[in-house]
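Note that these values count all heavy atoms, side chains included, but never hydrogens, waters or copies made by symmetry.
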Amino acid sequence: MKKYDHKKIEKKHQQNWEKDGAYNTKEDKNKQKYYCLVEFPYASGEGLHVGHVRGYTALDIIARKKRMEGFNVLYPIGLDAFGLPTENYAIKTGINPKIIIRDIANTFRRQLKSLGFSFDWSREINTSDPEYYKWTQWIFLQFFKHGFAYKKKMPINWCVDCKIGLANEEVINGVCERCGGQVEKKEKEQWMLAITKYADRLYDDLDKTEFLEKIKVQQRNWIGRSSGVLISFALATTQIGADKKPQINADGKIVLITNVQEFRENVNIDSKLKIEGREFSIKELIKFKLDDGSFYLKLFLSGGYVLADDLNSNSFILVKEKDTNLKIEEDDITFENKKYSFSYKAHAIAEEVFGEEIFKKGESETFWDYTSGNNYLSLGIVDKNKKRLDFLGKTIKADKIEVTNLRESASNLRSSATFTKVNVFTTRPDTLFGATYLVLAPEHELIRKMLDDRSIENKKEVEKYISETAKKKDIDRMAENKIKTGVELKGIKAINPAYRQAGPLNKKEIPVFIADYVLDSYGTGAIMAVPAHDERDYAFASQINADNKTQMGADNKTSADRIEIIKVIESDQNLYTGYGKLINSGKFNGMESEKAMKEITKFVGGELKTIYSLRDWIFSRQRYWGEPIPLVFCNECKKRVGNSKFQIPNSKKIPNSKLQIQNQEFNKGELLNPGWVIDEKLPFELPDVKKYEPTDTGESPLASVKKWVNVKCPKCGADAKRETDTMPNWAGSSWYWLRYIDSKNDKEFASMDKLKYWTPVDWYNGGMEHTTLHLLYSRFWHKFLFDIGLVPTDEPYIKRTSHGMILGEGGEKMSKSKGNVINPDDIIEKFGADSFRLYEMFMGPFDQHTSWNTNGVVGMIRFIEKVYGLLEKLTNNESEDVDNFLNKTIKKVEEDIENMKFNTAISSMMVFVNFVYNKNKISKNNYKKFLKILSPFAPHVTEELWLETGEKESIHKTKWPEYDKIKEDKNLTIVVQVNGKIRDKFIIDSNLDESQIKDKALSSGIVLRWIGDKEIKKTIYVRGKLINIVTI
RNA sequence: GCCCGGGUGGUGGAACUGGUAUACACGCAAGACUUAAAAUUUUGUGGCCUAUGGCCAUGCGGGUUCGAUUCCCGCCCCGGGCACCA
């Protein structure tokens, strides 16, 4: 008998397949396509890992089987080459990353080929190849042009060790995902990709896919969609006492202003105005009190208008807010007639107010504004001597203004007061009446404003808290069982809209806090706190109360300042987060939560709102080894963009034109990011540098290559600078499956014809660690490319699976430091690729973690040797029982492969081989069929044996065997139970019917003994399997 | 805390839709071959007992059923995802 020599066999067939190009694929319209995709390896010096082998073998089995079933199969591979391991190695050794990558690619290629995977190597890609990343850059430019990329200064996660900005998702439990080092907050200008614009579709379209359910769940978790309600609370800078003035018109009738003074005193944040036929609501209301006791007003209205009180007449000025970013220079002046000092703001551009040209350049250039807002066109105009010239806007006679809901009197204000609105997000509007305080995130934009205009009394304390929060690392802010901290904004009160709407109830005003348990980046950055029905609010309120208690003596606190819990849902607990019947809720008492949510929302004019925990994608890294971002900064272009001629007013935007470029000279991205212009001469190549280390200032090493950085602007020819940040590692892998389809194309990233044939990917397998981020990012890119008409499908993958991790022999994760890493090369050398492949498929359920056991590979080589040995036992006679057994085995293997149950597929083939061994013979015909079903698992040895049987063509080009409808075995084993316990079994002829089987069972001595003298109540017969005799 | 998985021999793990629990493989033990070892091969291998028979075992406790690893209720433990997410 010939000895099984895996080395000889495997090498021989690998060479043959390569020589024949056996697995190279071409489009073939006559054949149905099947696209198998595995995550390409991430370049690292360690080479192939046994974990790669698991996933690649599984899809190799699928690919090979699909080919045998007549599909035109694409199974490509490449290298994910940009990224930190390579860069770090370059920093350490000074070797050019290009050289490192070349070596790594060679290693991977050799290792993958030695496993006999049926990859189409002619399509191999490498993300760091300029021919590849040219298209990564090109796709980025499409994002940019369509306004999906924007530069934003924001606190980013900064890894102290890696000296790199991390995306939120790269920070795991507050530490760097890669190095485990400390993460700090740092302000940095970053390119962002607007993935949140796709949040809904990324969420909903999961239903169209056949991803494993747990993968869908992970994707949904990450997007974190939650539906709730926006409710606006009024904020007032000055406390309005309980001894309120009577309402003027509580039932909300429209009145004309006839008495300006009355209007000034009684207008409130909920009032509605009608001016020249147009309705406005009030966003912010400022009351100024003058020395003589009179008031004047400034109202920020909906639609971007400002209504300003003209002190000297019975009229108001209506102007339009400016919605662009104006350059503002600050100065202080004293307004001569009055003793008040106003903040003075000069605006550089002042051409468009109501579409009129208001003043001529050079004459009276500046505007003044007595608010602190940044983005408002001022109300007045002064000349160079800072003397007031005129108001802008339209003068509206007071009696032309109709007002609804004039209610609250503010005549007892001790000083000027501001009323503004703050939106909170809640999923529990039914608990609104229980809102006993408001919490804003320390970073909330309103706070800065309120600090600036001095409406917060305890400014020092608040500022201290804000700066403490900023210093905190994420890990502290997330720490478990953290004691909640916060500071009350003294001088600010909120008015619960439920009570405001309901009329004069006791609890009108509630305190406002800042606390870091509220996150600025989620929802509106503000919450209504309902301690009676929310755990976090309860914890915070308890904390504040406890603090107050200790200060009671010193600070003269009274119990009135303590936060009171109002239960609005019937329960006997202080804290109850469930649903139920409402109490203490005015006219909603007795209503069920579910209904109350809708009704209360309606009552207070809440707005239904869906929010996400998904954030936009920080897309720049201050690193060398990545794709350069193909943008140039040009000051000349910035000026031209800044010129209003190039601005597109909101009103002139084409409806639903998100994806249309609206300006001939500047594209949407260039308008959005003034000064940044695209460079379409791609690839935008990575220059060679001397040092690969990021700088301490956080700039990429590219910034030091002056020759590279300084360029002429591709748009106007002026001096300009290149962007020196590079793309994150995720970029190249966000579209690679598309490049495989047409990897040599130098005109486009892939031709539409070919895309139409091959997309979507039918089956995509990869590691579990990529089922949130990579999957989401790549789906996002694909959807965007679909929207701009460059790919034919809106989802990239039909089916996505993930293989479980292979742990070391001790059950721990394989790592160099533990010394439990298994090198694939050693296993192939010792046992051969076929045994290795079989073992990895046999070791356990594909999607579960399992630990490596080298002894297990021995079992596989024994199995292969048995199959090899069968060659000696061939006969020409078919035997019926082997026939039947094989038939069942084919069916089982076929179904198991489709269901990724590779372990039981192999087990059933082992059972078959053991069966044949006992028979000691098998017909050549059956043997060949068996080789076919084994061939996807063990491609080399089956090829060898196939040729040994006298065949000339490769087994991998043959057809997958069909199985017959399951023939019933002639002889069946029937189990006899008495009262559900097995007592006997016998073999019967399959023709027997139930009563005959029953008779037979009742003739068994053992069975009769167990029945004894008890009466037989009934018998249950399961066809071909068992009969149960029930007595009792 | 919420949401997914999972818990079966010494080990990795089987068991379709409620119908013979422990397939297959590793390991272990004994035998054969061998001077010997390795390799190979044969047999055995869940536990317990009063052993040709019987009882108990699928994380724990209940329930439904003629019959439950499978379905229901209540717990415990392990792994993963999300997480002051309002």
**Q** Between B/A86, B/A23, B/G80, which nucleotide gets closest to the side-chain atoms of A/V518?
**A** B/A86

**Q** Sticking with atom C1', work out how far B/C75 lies from B/G12, rounded to a whole angstrom.
**A** 29 Å

**Q** State the syn/anti category of B/G9 according to its glycosidic angle, syn meaning within 90° of 0.
**A** syn

**Q** Heavy atoms under 4.0 Å, any strand shown: does A/W1010 hit a base, just sugar-phosphate, or nothing?
**A** sugar-phosphate

**Q** If you assign each of A/Y917 and A/K1018 to its closest nucleotide in RNA chain B, which residue comes earlier from the 5' end?
**A** A/Y917

**Q** How do A/R983 and A/D534 order along RNA chain B: which one's closest nucleotide is nearer the 5' end?
**A** A/R983

**Q** Quick one: label A/S226 by what it contacts on the DNA or RNA (base, sugar-phosphate, nothing), any heavy atom closer than 4.0 Å.
**A** sugar-phosphate

**Q** Can you tell me the distance, in whole Å, between the CD1 atom of A/I906 and the P atom of B/A23?
**A** 18 Å

**Q** With sequence neighbours excluded, give me every side chain to side chain donor-acceptor pair (under 3.5 Å) pair touching residues 840-850 of chain A.
**A** none

**Q** Look at the aromatic rings of A/F540 and A/Y517 and report parallel, tilted or perpendicular, splitting at 30° and 60°.
**A** tilted

**Q** Within this structure, what is the NZ-to-P distance between A/K1017 and B/G67, rounded to whole angstrom?
**A** 10 Å

**Q** What I want to check is whether the side chains of A/N765 and A/H803 have a donor and an acceptor closer together than 3.5 Å.
**A** yes

**Q** P atom, B/C60 versus B/U8: distance in rounded Å?
**A** 10 Å

**Q** Tell me: CD1 of A/I982 to P of B/C56, nearest whole Å?
**A** 13 Å

**Q** Give a yes or no on whether a salt bridge exists between A/K7 and A/D5, defined as a side-chain N under 4.0 angstrom from a carboxylate O.
**A** no

**Q** B/C84, OP1 or OP2 - any side-chain N/O from A/K484 closer than 4.0 Å?
**A** no

**Q** Expressed in whole Å, how much space separates the P atoms belonging to B/A39 and B/C26?
**A** 12 Å

**Q** Is a donor from one side chain sitting under 3.5 angstrom from an acceptor on the other, for A/D200 and A/Y612?
**A** yes

**Q** Calculate the interatomic distance between A/K1014 atom NZ and B/C66 atom C1'; express it in whole Å.
**A** 13 Å

**Q** Among side-chain atoms of A/Y538 and A/T577, is any donor-acceptor pair under 3.5 angstrom?
**A** no

**Q** Report the stems of RNA chain B as range-with-range entries sorted by first number; a stem here is at least three consecutive pairs, Watson-Crick or G-U wobble, both distances under 3.5 Å, and write none if there are none.
**A** B:1-7 with B:76-82, B:10-12 with B:24-26, B:27-32 with B:40-45, B:46-49 with B:53-56, B:59-63 with B:71-75

**Q** Using the P atom as the point on both nucleotides, what is the distance between B/G19 and B/C28, in whole Å?
**A** 36 Å

**Q** Does a side-chain N or O of A/K981 approach OP1 or OP2 of B/C56 to a distance below 4.0 Å, or not?
**A** yes

**Q** Checking the side chain of A/Q219 only, and the main-chain atoms of A/T771 only, is there a donor and an acceptor separated by less than 3.5 Å?
**A** yes

**Q** Using OP1 and OP2 only, check whether a side-chain N or O of A/R862 sits under 4.0 Å from B/A25.
**A** no

**Q** Using a strict 4.0 Å threshold on nitrogen-to-oxygen distance, state whether A/R225 and A/D204 make a salt bridge.
**A** yes

**Q** Say we look at B/G61 and B/C66: how far apart would their C1' atoms be, to the nearest angstrom?
**A** 24 Å

**Q** Would you say A/N221 places a side-chain N or O within less than 4.0 Å of OP1 or OP2 belonging to B/C3?
**A** no

**Q** If the condition is side chain to side chain donor-acceptor pair (under 3.5 Å), which residues does A/H533 pass it with, not counting sequence neighbours?
**A** none

**Q** Assign a letter to each nucleotide of nucleotides 4-19 of chain B from its 5' end: B, base within under 4.0 Å of a protein heavy atom; S, sugar-phosphate only; -, no contact.
**A** S-------BSSSB--B

**Q** Provide the distance between the two P atoms, one in B/U11 and one in B/G47, to the nearest whole Å.
**A** 12 Å

**Q** Taking atom P in both B/A86 and B/A23, what distance in whole Å separates the two?
**A** 49 Å

**Q** Let's see if you can work this out: which of B/C26, B/A86, B/U20 has an atom nearest to the side-chain heavy atoms of A/F425?
**A** B/A86

**Q** Rounded to whole Å, how long is the line connecting atom CE of A/M910 with atom C1' of B/C26?
**A** 10 Å

**Q** How close or far is atom C1' of B/C24 from atom CG of A/D896, stated in whole angstroms?
**A** 12 Å

**Q** Got a salt bridge between A/K484 and A/D537, using NZ or NE/NH1/NH2 to carboxylate O under 4.0 Å?
**A** no

**Q** Would you say A/N914 reaches B/A23's phosphate, i.e. side-chain N/O to OP1/OP2 under 4.0 Å?
**A** no

**Q** Whole Å only: how far is the CZ atom of A/F233 from the C1' atom of B/A86?
**A** 12 Å

**Q** Have a look at A/G859 and say if it touches a base, only the backbone sugar-phosphate, or nothing, with a 4.0 Å heavy-atom cut-off.
**A** sugar-phosphate

**Q** Can you check the distance between B/G31 and B/A21, where both ends of the measurement are the C1' atom (answer in whole Å)?
**A** 30 Å

**Q** Restricting to side chain to side chain donor-acceptor pair (under 3.5 Å), what partner residues turn up for A/E895, sequence neighbours left out?
**A** A/K891

**Q** Rounded to whole angstroms, how far apart are CZ on A/R225 and C1' on B/C85?
**A** 15 Å

**Q** Ignoring the backbone of A/N855, work out which of B/C24, B/C26, B/C84 is nearest its side chain.
**A** B/C26

**Q** May I ask you to evaluate whether A/R1009 reaches the phosphate of B/G54, defined as a side-chain N or O under 4.0 Å from OP1 or OP2?
**A** yes

**Q** Pull up the glycosidic torsion of B/A37 and say syn or anti, syn being anything within 90° of 0.
**A** anti

**Q** Among all residues two or more places apart in sequence or in another chain, which pass the side chain to side chain donor-acceptor pair (under 3.5 Å) test with A/S593?
**A** A/D430

